[in-house]
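Some notes on the structure that comes next.
If you read the sequence from its start, that first residue is 1, and numbering goes on from there. Source: prediction; values computed, not measured.
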Amino acid sequence: MKASKIAYKPVGLALGAVSGAAAGALFKQAWKMLGHDEDAPDATDEERTWNEVLLAATLQGAIFAAVKACVDRAGATATRSLTGTWPG
């Protein structure tokens, strides 16, 4: 394993935690913008419809994936700028 990959591991873990928090906040705002005042439904929430549960899960998954990809790419680009090597 390359030294740059090993050195990037702690950075990647920290970026993962930051991206998770950012994605969670972004999802809450998006859910409110869709006209839902309450929290997003859980899959086992008996009072919620299938459509609402699946919409929330789809939206949340898309937001988390997009934010993770953005943060990971920015972290790798910054690492290359600082070290001259791509961490992947």
Who clusters with L54? Use side-chain heavy atoms, under 4.5 angstrom, across I, L, V, M, F, W and Y, and order the result by chain and number. W50

May I ask you to test the L59-W31 pair for a side-chain heavy-atom distance under 4.5 Å? yes

Working to the nearest 0.5 Å, report the span between CG of L34 and CD of Q29. 11.5 Å

Which pairs would a plain distance check flag for residues 11-28, meaning a side-chain donor or acceptor within less than 3.5 Å of a matching protein atom at least two apart in sequence or in another chain?
unit_1: S19; atom_1: OG; unit_2: L15; atom_2: O; d: 3.2
unit_1: S19; atom_1: OG; unit_2: G16; atom_2: O; d: 3.0

By side-chain contact (heavy atoms from CB on, under 4.5 Å), which residues pair with T49, not counting sequence neighbours? N51, E52

Show me the donor-acceptor pairs within less than 3.5 Å that the side chains of residues 65-72 make with the rest of the protein, sequence neighbours left out.
unit_1: K68; atom_1: NZ; unit_2: D72; atom_2: OD2; d: 2.6

Non-neighbouring partners of D45 that pass salt bridge (charged side-chain N to carboxylate O under 4.0 Å, His left out), sequence neighbours left out: R48

